[in-house]
Amino acid sequence: MSLLSRKGRGILVAFEGCDRGGKSTQCKMLVDYFKTTGRDVAHFSFPDRTTIIGQSIDSYLQGKSELEDHAVHLLFSANRWEAVPKITQLIERGTSVIMDRYAFSGVAFTAAKKGFDVTWCKYPDRGLPCPDIVFYLEIATKDAMSRASFGNERYEKAEFQERVAKVYKELKSDDWRVVDALRDMNEIHEEIKSTVIKLEDNVKYSELKNLWT
Ligand code: DGP
Ligand code: NA
Ligand code: NA
């Protein structure tokens with residue numbers, strides 16, 4: 001057995017949820033934990049606004065440009081696909097990848113719009129590397145709004161976020177961990193950490209699956 005295969009692959013973790021649930025904080029805390037314990041780790045955030053595709057998305061989210069809803073759905077998906085070669089290479093070489101949002105955001109935010117169904121929304125992301133675990137930070141819209149006011153970006157409106165939450169409920173599967181986002185952030189981190197530690201040894205020598213196939 002080669003050194004590489006003895007080390008095993010990295011694990012793929014996704015954080016999901018409506019806006020203002022503390023995803024980015026938990027993501028960062030988990031990345032820091034991996035680093036301080038000497039684990040190889042990489043942090044991705046979607047949409048990645050730095051690429052050419054990501055710049056169009058950024059402009060759209062800020063309301064500086066208009067894009068047709070199907071077209072923007074495909075751009076968000078393309079923005080994930082363009083990161084896939086990097087993500088799979090990292091995972092194969094034993095580096096764990098922690099993602100702030102992923103394909104589930106893609107489905108939830110588009111299917112929340114009028115005239116879209118979940119089946120259509122899933123299709124462009126079908127085949128992406130499947131996360132070993134998804135942490136869903138659950139927060140009621142009224143609590144999210146009282147935490148900090150929504151900003152000015154396109155989707156940051158209470159009524160829309162309610163619809164997004166409804167789609168997430170439909171998408172939830174057995175490999176999701178629903179986390180009550182209203183608790184103390186350190187407590188949440190401990191729960192996430194222990195779930196990840198338990199998972200690590202189980203997935204290390206297994207194949208990364210493909211999403212929705
Ligand atoms: P964030 O950088 O996590 O605040 O995300 C920016 C906004 O974009 C947020 O309101 C969620 C939304 N979003 C994230 N991913 C997708 C996606 O794939 N499709 C759509 N339509 N919206 C998304
Ligand atoms: Na946001
Ligand atoms: Na993000």
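Numbering of ligands and ligand atoms starts at 1, following listing order.
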*Which atoms of ligand 1 sit under 4.0 Å from any heavy atom of Arg49?*
2 (O), 6 (C)
_Side chain His73, main chain Cys121, donor-acceptor under 3.5 Å_ = yes
*State whether Glu159 and Arg163 are salt-bridged, where the test is any N-O pair (Lys NZ or Arg NE/NH1/NH2 against Asp/Glu carboxylate O) under 4.0 Å.*
yes
*Aromatic plane relationship, Phe104 with Trp176 - under 30° parallel, 30 to 60° tilted, over 60° perpendicular*: perpendicular
*Going by distance only, is there an N or O of Asp19 that falls short of 3.5 Å from an N or O of ligand 1?*
yes
*asked:* When you measure from the side chain of Asn210 to the backbone of Gly127, do you find a donor-acceptor pair of N or O atoms at a distance under 3.5 Å?
replied: yes
_So if I count the atoms of ligand 1 from 1 in the order they appear, which ones are less than 4.0 Å from some heavy atom of Arg101?_
1 (P), 3 (O), 5 (O), 11 (C), 14 (C)
*Partner of Asp58 by salt bridge (Lys or Arg N to Asp or Glu O under 4.0 Å), out of Lys64, Arg49, Arg154*: Arg49
*Would you check if the side chain of Arg101 reaches a backbone N or O of Gly17 as a donor-acceptor pair within less than 3.5 Å?*
yes
*asked:* Applying a heavy-atom cut-off of 4.0 Å, say which part of Asn79 lies close to ligand 1: side chain, backbone, both or neither.
replied: neither
*Using a strict 4.0 Å cut-off to heavy atoms of Pro47, name the atoms of ligand 1 that fall inside it.*
5 (O), 14 (C)
*Judging by distance only, is a nitrogen or oxygen of Asp100 under 3.5 angstrom from one on ligand 1?*
no
*Touching ligand 1 at all, Arg80? Heavy atoms, strictly under 4.0 Å?*
yes
*Mind checking whether Glu156 has a heavy atom under 4.0 Å from ligand 1?*
no
*Among Arg9, Lys204, Lys209, Arg177, salt bridge (Lys or Arg N to Asp or Glu O under 4.0 Å) partner for Asp132*: Arg9
_Where ligand 1 meets Leu61 - atom numbers and elements under 4.0 angstrom, heavy-atom basis_ = 6 (C), 7 (C), 8 (O)
*Touching ligand 1 at all, His73? Heavy atoms, strictly under 4.0 Å?*
no
_Check ion pair Asp32-Lys28 (N to O, under 4.0 angstrom)_ = yes
*Thr110 neighbourhood, listing ligand 1 atoms whose heavy-atom distance to it stays under 4.0 Å*: 21 (N)
